[in-house]
Structure formats: structure tokens, C-alpha cells
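These values consider heavy atoms only, across backbone and side chains, with no hydrogens, waters or symmetry-generated copies. None of the values given here were measured: they were computed from a predicted structure.
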Amino acid sequence: MEYTKSEAKAYCREKMTGVWAALTTPYKPDGEIDEEGLRTIVRTCIDDLKIDGFFCNGLMGEYWSLSVQERKRVQHIVCEESRGKAQTIPHTPQVTIQEAVELTKHAEEVGADYAIMINPVYGAHDDDEIYLYFKTICDQIDIGLSLFNQPKSGTTLSPELIERLAGLENICCIKNAVPSMAHQSEVRRRVGDQIVVCDPDEERFLVSLAHLGMQVHMSSPTPFLFQVPGYTPIRDYYEAAMAGDMKKASEINFSLEPLRAVRKKYFTTGPNGRTTAYLKEWTEVLGLPAGGVRPPVVSLTDQEKREFRKDLEATGLLDKIKS
């Protein structure tokens, strides 16, 4: 790490900027991790899509279906391919605190810049229990740790609890995946001067950049779903906004509405709610390694794939893929 535990907040504030992608985990036909495919995704994102950082082993990466050793391997590959080119934030939660610490220390060992953990899924539900969960982990690690406030965990961190957790020495960020803007605003009011606050909804990124002081899109799969080599609208509107050209940024941002409509149709509740399966199909259609999904995620039918591809083709994105 390039910082000490006590410097985690300041380091994150300075360095965590730009456009970050939440990676999928590609599989081979036999269901094993496609390690070379994962390297290809990371290299494409860095070299062609101008991605600044990577979130790996998250919900989009099917972390629930990976063994601890597989998650460590994904961490190693993503950090190795990103070193000196992009930052990394592996997702390191586990039901047991001991294994969460083990995964987090491994992330630090292989060169991750930060780690991130979703709200406890089991064992900790009220504020005191959740606080103790994170405090016990933070006491045993040095790397900067981000909260991942995701209601899909079964709990949602209140702004009051987030403020309490932000007082821990190496809590440096929160990925606040809560749809309520009131919640987002209250979190920012309470801890925005202490830790980096991220709203992972790409659709709100430009407004948050312009008016709410947000410094990074951390993170979603949209940076490699909405962009292809030679066509990087998210990067372009981010750079335009940073340069103060909000008219240009807004025009580019608005051009993504057809793609957002497809994402909402298939990812939010989806047909049958199979976000991960549609994510893999979208990735595959763009020519990136994906493979299938692991149980219990249900694979798409041929008819579902045809309907999805038809909607994606209508956006014009596939026409931008260079042969």
C-alpha cells in the first residue's frame, strides 16, 4: 500500500476519482473461472475504455458462487493486470469475520488499493451488531475499507449508522446503492467531509458530479456495457464535466438514454429478474469473455437471448463495434 492505516481517508479522497467498473467473472464452458478471459476484460477496460478502477468479486462478479480460493485468484489477476494503470477495490465480505479478514489481507498482499464490504448478510442486523462487525474487521486490517450499502444484503445502513462507521480509522468510502435521493443527500451531509461518498447509479453520475461534489463513479458494469473501443461516452461526459463544459457533458449524457432503458428493462427487475444472466449475455454480445452463470442463477433461454439482443441492437451500440 502507498499509505498507512491512519492515512487511508486522505489517500482515498485524493486518489479515488474517475470512472470505475464493477467486473463480471467470466467462466469457461466447464464452469471454471476463465482466467485469461478475465485478464482480457481488464486490459480492454484499461487500454480501450479508459477505465480508472475496478471493483471485483461483487454482486456482478457472482461472489456468492465463488470459493474463498477462487475469490483470491480473481483478486490476484485483477490487481496484477491493473498495477500501475488503474486502481482496484476487491469485495471481501464473508459470513465469518475470520474469512472476511483473510480475504481482505490477501487483497492488500496482492496490491489492491482498497477493499470493500457489503452489509453483513447474517449474524449482524441491528446497528450495534453491524458496527461491531465492521469494527472487529477494521481492527485487524490496515487497508482502507469502503462500506457497500446494498439493500440486497437484507439490511440497509441508516445515515446515522454510516456516520458512526465513518469514525473508524480506515473506513474511507461508501458505495451507497440506495435509490432514495433523500438518503443519499443525508449521507453526504453527514459524512461527505470525512469519506468519499459514491452513488453507483450511472444515470445520476453527471448530476452528482456537477452539483453534489461526487468525484468518482464507483462502480457499476455500465462502463464496459455502454462503451466499446472507439466509443467511450461515459469517459467523454466525465472529462467534459471536469473541464467545465456542462453543455457538452449533458449532450453526451443524454445520448445514453436508449442504453439505460435496456439496462432498466433487463437489470432492475428484468424479465424473471435474472440480472446476472443478462449481464453475461450483454458482455458476450459485445465480444468480451463472459461464459455462462453458475447455479442458482438460471441461464437465459434462446428466446430470451433473441429478445434481449433485438433491444440492444436497436440502441445502435452494436453498430459501433469495429470489426
Side-chain angles (χ1 to χ4, degrees), residues 1-4 6-23 42-56 58 60 78-79 81-91 107-108 111-116 143-149 162 166 170-177 184-185 187-189 191-227 232-246 248-250 252-253 256:
M1 288 190 323
E2 297 182 3
Y3 57 90
T4 64
S6 63
E7 295 169 337
K9 283 179 169 63
Y11 182 88
C12 186
R13 172 75 66 186
E14 179 184 356
K15 300 292 186 178
M16 186 185 280
T17 60
V19 178
W20 290 45
L23 294 171
V42 173
R43 288 195 294 264
T44 299
C45 284
I46 293 172
D47 296 341
D48 298 325
L49 306 184
K50 307 175 186 178
I51 302 301
D52 297 296
F54 296 103
F55 177 116
C56 64
M60 299 297 102
V78 173
C79 290
E81 290 294 335
S82 302
R83 192 163 294 122
K85 303 173 186 176
Q87 291 199 310
T88 52
I89 186 166
H91 187 229
E108 182 178 338
D113 295 278
Y114 324 90
I116 184 168
I143 197 169
L145 184 66
S146 174
L147 306 170
F148 181 18
N149 190 22
I162 292 168
N170 51 328
I171 294 292
C172 61
C173 177
I174 179 169
K175 179 177 177 178
N176 195 23
Q184 294 280 353
S185 298
V187 168
R188 192 170 297 280
R189 185 187 73 80
V191 303
D193 61 345
Q194 300 176 57
I195 63 176
V196 174
V197 178
C198 311
D199 178 350
D201 186 343
E202 180 277 327
E203 190 168 2
R204 300 196 296 220
F205 183 37
L206 182 59
V207 171
S208 298
L209 278 173
H211 302 293
L212 301 178
M214 195 159 79
Q215 64 188 62
V216 62
H217 174 67
M218 202 287 292
S219 50
S220 75
T222 54
F224 65 85
L225 297 181
F226 289 7
Q227 305 188 121
T232 55
I234 298 176
R235 163 59 57 181
D236 294 345
Y237 81 65
Y238 169 76
E239 290 186 350
M242 291 298 95
D245 190 345
M246 291 306 299
K248 179 180 179 181
S250 298
I252 299 170
N253 182 276
L256 291 172

What's the spacing between [X] [atom1] and [Y] [atom2] if we round to 0.5 Å?
| X | Y | atom1 | atom2 | result |
| --- | --- | --- | --- | --- |
| K15 | Q215 | NZ | CD | 12.0 Å |
| L206 | I252 | CG | CD1 | 9.5 Å |
| F224 | T44 | CZ | OG1 | 11.0 Å |
| L145 | I174 | CG | CD1 | 11.0 Å |
| E239 | K50 | CD | NZ | 6.0 Å |
| C198 | I195 | SG | CD1 | 8.5 Å |

task = Can you sort out the partners of F54 under ring pair (Phe, Tyr, Trp, His ring centres under 6.0 Å), two or more places apart, ordered by chain and number?
result = none
Please report the closest heavy-atom contact between [X] and [Y], naming both atoms and the distance.
| X | Y | value |
| --- | --- | --- |
| S82 | V42 | OG-CG1, 3.7 Å |
| T232 | L49 | CG2-CA, 4.0 Å |
| R188 | L212 | CD-O, 3.0 Å |
| C172 | Y114 | SG-CD2, 4.1 Å |
| A22 | M60 | O-CB, 4.2 Å |
| D193 | R13 | C-NH2, 3.6 Å |

Determine whether [X] and [Y] make a side-chain contact, defined as any pair of heavy atoms from C-beta on separated by less than 4.5 Å.
| X | Y | result |
| --- | --- | --- |
| M242 | L209 | yes |
| Y11 | M1 | no |
| H217 | I234 | no |

Donor-acceptor under 3.5 Å ([X] side chain, [Y] main chain):
| X | Y | value |
| --- | --- | --- |
| Y3 | G144 | yes |
| D52 | V19 | yes |
| E7 | T4 | yes |

ask   = Does D47 pair with K85 as a salt bridge, N-O distance under 4.0 Å?
value =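 Salt bridge: no.
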request  = Apply side-chain contact (heavy atoms from CB on, under 4.5 Å) to the pair Q227 and I51, showing each step before the final yes or no.
outcome  = CA-CA 10 Å; Q227 305 188 121; I51 302 301; 4.1 Å; yes
message = Please evaluate residues E202 and L256 with respect to the criterion side-chain contact (heavy atoms from CB on, under 4.5 Å), reporting the C-alpha separation (whole Å), side-chain torsions for both, the decisive distance (0.1 Å), and the verdict.
response = CA-CA 10 Å; E202 180 277 327; L256 291 172; 3.8 Å; yes
message = For V207 and M214: C-alpha separation, side-chain torsions, deciding distance, then whether side-chain contact (heavy atoms from CB on, under 4.5 Å) applies.
response = CA-CA 9 Å; V207 171; M214 195 159 79; over 6 Å; no
task = Could you please spell out the steps behind the ring-ring contact (aromatic ring centres under 6.0 Å, His included) verdict for H91 and F148?
result = CA-CA 9 Å; H91 187 229; F148 181 18; 5.7 Å; yes
message = As a test of understanding, state which of S220, S146, S219 forms a side chain to side chain donor-acceptor pair (under 3.5 Å) with K175.
response =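 Only one option passes, and that is S219.
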message = Assess the residue pair N176 and D199 against the criterion (side-chain contact (heavy atoms from CB on, under 4.5 Å)); give the C-alpha distance rounded to whole Å, side-chain angles, the decisive distance to 0.1 Å, and a yes or no.
response = CA-CA 5 Å; N176 195 23; D199 178 350; 6.0 Å; no
